[in-house]
Amino acid sequence: MTPPGSPSPAIATAAVILAAGMGTRMRSILPKVMHAIGGRPMVQHVLATLMEEKISPVVAVIGPDMDGVAKAVSPHQTVRQKDRLGTGHAVLQAKDALAGFKGDVLIVYGDTPFVAAETIQHMRAARTAEQKPSIVVLGFRPKDPGAYGRLITSDSGLERIVEAKDAKPEELKVGLCNSGIMLADANVLWDLLAGVKPNNAKGEYYLTDVVGLARSKSLACAVVEGPEDEMLGINSRVELAEAEAIFQRARRLRAMENGATLTAPDTVYFSADTKIGKDVEIGPFVHFGPGVTVEDGVVIKGFCHFEGAHLSTGAIVGPYSRLRPGASIGKDAHVGNFVEIKNAHLDEGAKVNHLSYVGDADVGAKANVGAGTITANYDGFNKSRTQIGAGASIGSNTVLVAPVKVGEGGMTGAGAVVRKDVPKDGLALNSSRQETREGFAAKYREMKKAAKSQSINKKSES
Ligand code: UD1
Ligand code: MG
């Protein structure tokens with residue numbers, strides 16, 4: 001039994017994500033909700049929030065040709081809405097998928113990615129408040145209410161929602177607007193949706209009509225207000241860019257609040273899944289693509305580009321380093337300018353400081369990879385690995401033709417093309433012997449100068 005005065009336990013909650021609209025204003029072959037913010041499709045931002053709130057099951061309502069969206073939301077279910085007959089019709093498409101579910105249904109939009117878990121918590125709490133409203137609508141007060149539905153309230157709560165196109169002039173003056181997000185008891189919702197008729201300006205089945213229908217059955221309805229910036233819906237590339245800016249600003253602040261130093265925060269780009277530890281220094285113009293983890297105490301100098309990479313404590317990377325998927329930089333390892341690393345592990349204290357490509361490789365602890373080293377990992381058909389042992393020293397401009405192994409403490413001479421394994425503590429060299437000609441350079445210059453003055457004399461004579 002719940003002790004008196006303690007909050008009521010949360011009601012089991014399922015979610016329906018409305019995502020059937022193509023979003024013609026995006027002018028894209030990609031469905032709108034697949035456009036990314038922070039490298040993650042916007043529908044997955046919505047899903048992440050639902051997961052944070054432990055909402056389950058989740059059903060996404062998508063268009064007939066949206067297999068990509070189905071994949072992006074899997075393993076959650078999707079149902080197809082063949083004809084877009086309105087938000088009420090869209091929600092009804094999820095009814096069969098939720099058959100037998102008892103509890104609340106939260107309706108969210110796939111193109112409104114910033115609604116916070118905390119705001120959803122407020123809505124859930126409102127359902128168990130004193131009046132026990134059957135429906136809770138998330139409202140907000142935008143600077144420009146424009147085409148948003150207006151929330152018409154009375155002393156007893158929310159009375160109805162009127163769409164801007166159907167509103168009377170005095171209703172249009174109402175500043176409290178419908179975000180579109182709604183929480184309702186499942187049985188009540190399915191019951192009321194069955195009674196929604198398309199007799200309105202757009203000829204659509206409006207989800208919003210369930211509020212008026214609930215009131216006509218004396219069921220209470222309530223509004224929870226949320227901040228405008230969470231309700232941002234994305235309809236165009238311009239709005240997508242604005243959303244990206246909002247997202248990046250939030251991520252930069254979060255990184256700094258968690259103890260990272262960003263010397264030029266406005267120039268650093270994060271992905272939704274970027275993980276940054278404490279006492280990390282990030283210089284200007286650093287781009288974190290998807291799948292990057294940075295442990296505590298890493299220094300990232302300016303102009304780096306990372307994706308699918310792991311940087312361990314004490315690593316120093318950049319400026320101008322590129323880490324591609326599968327790059328794992330060990331503790332205190334160094335990666336310098338114009339170095340590309342892909343699917344390779346640098347063990348503790350290893351150094352690749354200048355102008356190198358290290359792909360499909362394992363570099364042992366404290367090994368030093370000289371300037372201009374290339375792992376030739378691809379023969380046009382297969383990718384092969386290069387192994388560089390601990391403490392090895394790879395001379396400048398070495399080409400390591402994989403599969404090949406340099407043993408522990410092994411060395412390669414400058415310019416070596418290494419096709420055969422180098423044994424432990426061995427040296428591989430294959431450059432031809434150097435020929436030295438005393439005084440040649442001086443003679444060469446004299447010869448060239450003489451040739452030049454002769455040709456000038458000839459020109460002036462002609
Ligand atoms: C809707 C609300 C309005 C609210 C506004 C907030 C209704 C009738 N109106 O209006 O009160 O202020 O959102 O942005 O609900 N969708 C489908 N299938 C459909 C229709 C829509 O999946 O048949 C999806 C869309 O892809 C979109 C969402 O539902 O994600 C909202 O649809 P939209 O057409 O943008 O509704 P609005 O007219 O903006
Ligand atoms: Mg809309």
Side-chain angles (χ1 to χ4, degrees), residues 15-26 28 30-35 41-43 45-47 59-66 69-70 73 78-95 97 106-115 135 137-142 144-152 158-167 171-172 174-182 184 189 192-193 196-213 221 223 225-226 228-236 239-240 243:
V16 175
I17 305 177
L18 300 190
M22 253 317 276
T24 46
R25 279 198 277 155
M26 296 297 282
S28 174
L30 201 63
K32 176 162 73 171
V33 297
M34 291 304 287
H35 285 265
M42 55 177 110
V43 70
H45 285 263
V46 177
L47 265 178
V59 181
V61 181
I62 64 174
D65 304 319
M66 292 189 186
V69 183
V73 303
T78 41
V79 292
R80 313 260 171 172
Q81 185 191 24
K82 284 189 197 71
D83 303 304
R84 286 187 76 240
L85 302 180
T87 48
H89 179 259
V91 174
L92 262 183
Q93 307 311 301
K95 186 181 172 185
L106 176 73
I107 295 145
V108 288
Y109 291 175
D111 62 359
T112 307
F114 294 143
V115 177
I135 300 173
V137 170
L138 180 60
F140 69 119
R141 296 178 188 275
D144 173 21
Y148 287 113
R150 305 299 203 270
L151 300 182
I152 311 299
L158 179 61
E159 293 297 332
R160 60 202 165 84
I161 305 178
V162 57
E163 289 304 289
K165 277 196 175 160
D166 304 296
E171 290 172 330
L172 278 179
V174 172
L176 184 59
C177 291
N178 176 27
S179 70
I181 289 144
M182 185 185 275
L189 180 71
L192 296 176
L193 274 175
V196 169
K197 305 238 152 45
N199 44 11
N200 49 54
K202 280 190 174 173
E204 286 185 357
Y205 294 88
Y206 287 169
L207 169 65
T208 44
D209 282 355
V210 295
V211 172
L213 291 171
C221 298
V223 181
E225 282 190 46
E228 180 178 6
D229 52 6
E230 284 184 27
M231 315 304 170
L232 184 74
I234 292 147
N235 300 295
S236 66
E239 286 169 358
L240 183 68

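Whatever order the structure lists them in is the order used to number ligands and atoms, beginning at 1.
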Next on the checklist: Checking contacts here: is it the side chain or the backbone of Q81 that comes within 4.0 Å of ligand 1, counting heavy atoms only? Could be both or neither.
Outcome noted: side chain
Checklist entry - Of all the heavy atoms in S179, does at least one lie under 4.0 Å from an atom in ligand 1? => result yes
Next on the checklist: Below 3.5 Å, N or O to N or O, backbone or side chain included: is there any such pair between A20 and ligand 1?
Outcome noted: yes
Checklist entry - Counting heavy atoms only, which part of M231 comes closer than 4.0 Å to ligand 1: side chain, backbone, both or neither? => result neither
Next on the checklist: Any nitrogen or oxygen of G21 lying under 3.5 Å from a nitrogen or oxygen in ligand 1? Just yes or no.
Outcome noted: yes
Item to check | G86 touching ligand 1 at heavy-atom level, < 4.0 angstrom | outcome: yes
Checklist entry - Got an N/O contact under 3.5 Å between N178 and ligand 1? => result yes
Checklist entry - Looking only at non-hydrogen atoms, which of D83, D166, T87 approaches atom 15 (O) of ligand 1 most closely? => result T87
Checklist entry - Could an N or O of ligand 1 be found under 3.5 Å from any N or O of K202, whether backbone or side chain? => result yes
Checklist entry - Backbone N or O of G175 within a donor-acceptor pair of the R141 side chain at under 3.5 Å? => result no
Next on the checklist: Looking only at protein heavy atoms, which one is nearest to atom 16 (N) of ligand 1, and what is the separation?
Outcome noted: R84 NH2, 3.4 Å
Checklist entry - Does some non-hydrogen atom of V61 fall short of 4.0 Å from ligand 1? => result no
Next on the checklist: Tell me whether H89 reaches ligand 1 (any heavy atom closer than 4.0 angstrom to a ligand atom).
Outcome noted: no
Checklist entry - Sub-3.5 Å donor-acceptor pair from the side chain of S179 to the main-chain atoms of M231, do we have one? => result no
